[in-house]
Amino acid sequence: MNSEDTYHSVQDRYGGVAKHAGPDSQRAYERKVATAFGYDLEDLRSIPDSANLGVSCGNPLATANLRKGETVVDLGSGGGIDVLLAAKKVGVEGKAIGIDMTKDMLELARQNATNVGAANVAFIEAFITSIPMSSSTVDCIISNCVVNLVPEAEKQLVFHEMFRLLKPGGRVAISDILAKRELPVEIKTDLSLYVGCIAGASQVSDYERYLKEAGFQDTLILDTNSDLNLYKEMWQGEQVSESAASGSCCNTKSRPSQKTKMSDVDFNFWTGSFKIFAIKPDTRD
């Protein structure tokens, strides 16, 4: 499958997630996923429930150390969970900007921002490999379980864009799923596992190389040891909303014909949820 087909598959999948965002009474699954990956329940209650779509694999804001007045960009902003929470941290003097390639996600995120009156928020339709923003204008870049969805041939472009956008001394704080070992062909070529964030996962050494080649320093990549099999357990063992069943980052229900096969895949053996932190060197001194 070429890059264009991959992007179309990802857009179709996550556009469907946005369209099926259920009513508040059906959001227990999404809250359970978010809290399992590091979000505070009170923070989640401060934003619209439909901003949290249960597609997180971590909480990048936990390591971003955002400050008042900063500009933060979220790569792959989805329903707006991290943008809206970041907007609170940077305050009215700052700016939180979400980048997403899926129109339905952008529509949902903008509505969520309107619902909470977030005046310091903006959303831009773009691929994260080419972002229509000026260079050296951003203090911090965050991303949550999205870089793994970029085709392997284009992943380096994402890191070059991060570096370009950041001010000298700016930082990257990412949560992403990385491969712990070489993935077998049957996983790499499974479309359900690709749009579910598993098949496209880079190995840690690849991520280190992407960051280094882009120019980043002081790189830190840590396995959070979170249980990625949570996604499978949730839909197998509980009644969840339609959006939850189709929406989890590692959901295995998007292609029922392969459900049995995928239920045998131990996500924790092949992959892990990692925290990634890096700094753009300040060469002005």
Query raised in the report: Would you say the side chain of D139 lies within less than 4.5 Å of the side chain of K167, judging by non-hydrogen atoms?
Result: yes
Query raised in the report: Can you tell me if Q203 uses its side chain to pair, donor with acceptor, with the backbone of A179 under 3.5 Å?
Result: no
Query raised in the report: Is the backbone of I177 close enough, under 3.5 Å, to the side chain of T271 for a donor and an acceptor to pair up by distance?
Result: no
**Report entry** Heavy atoms from other residues, nucleotides or ligands near CD of E107 exceed 12 (cutoff 6.0 Å)
**Finding:** no
Requested in this report: Answer yes or no: is there a donor N or O on one side and an acceptor on the other, between the side chain of E70 and the main chain of C140, under 3.5 Å?
Outcome: no
Query raised in the report: Are the side chain of D100 and the backbone N or O of S77 linked by a donor-acceptor pair below 3.5 Å?
Result: yes
Query raised in the report: Any donor-acceptor pair under 3.5 Å linking the side chain of K280 with the backbone of L166?
Result: yes
Query raised in the report: Do L53 and M105 have side chains that get closer than 4.5 Å, going by heavy atoms?
Result: yes
Query raised in the report: Between the side chain of N144 and the main-chain N/O of C57, is any donor-acceptor distance below 3.5 Å?
Result: yes
Query raised in the report: Can any side-chain N or O of N112 pair as donor or acceptor with the backbone N or O of G79 at less than 3.5 Å?
Result: yes
Query - Heavy-atom neighbours of K95 NZ exceed 12 at 6.0 Å - result: yes
Query - Side-chain heavy-atom pair L228, F37 within 4.5 angstrom cut-off - result: yes
Query raised in the report: Is the backbone N or O of N268 less than 3.5 Å from a side-chain atom of D227, with the two atoms forming a donor-acceptor pair by type?
Result: no
Query raised in the report: Do I47 and K88 have side chains that get closer than 4.5 Å, going by heavy atoms?
Result: yes
Report task. Answer yes if the side chains of Y207 and N148 hold a donor-acceptor pair under 3.5 Å, and no otherwise. Result -> no
Query raised in the report: Between E152 and K188, is the closest basic N to carboxylate O distance under 4.0 Å?
Result: no
Query raised in the report: With a cutoff of under 4.5 Å between side-chain heavy atoms, which Ile, Leu, Val, Met, Phe, Trp and Tyr residues group with I279?
Result: L220, L222, F277
Requested in this report: Without swapping roles, check the side chain of T63 against the backbone of A173 for a donor-acceptor pair under 3.5 Å.
Outcome: no
Query raised in the report: Would the number of heavy atoms belonging to other residues, nucleotides or ligands and lying under 6.0 Å from NZ of K180 be above 12?
Result: yes
Query raised in the report: With a cut-off of under 6.0 Å to the ring centre and 45° to the axis, is R209 in cation-pi contact with F159?
Result: no
Query raised in the report: Are V172 and L149 linked, directly or through other ILVMFWY residues, by side chains that come within less than 4.5 angstrom of each other?
Result: yes
Requested in this report: Apply the side chain to side chain contact (heavy atoms under 4.5 Å, CB included) test between V73 and each candidate in I97, V83, T137; give the one that qualifies.
Outcome: I97
**Report entry** Passing candidate, side chain to side chain contact (heavy atoms under 4.5 Å, CB included) with I221, options L178, D176, I174
**Finding:** L178
Query raised in the report: Tell me, do I81 and N52 make a side-chain contact under 4.5 Å, heavy atoms counted?
Result: yes
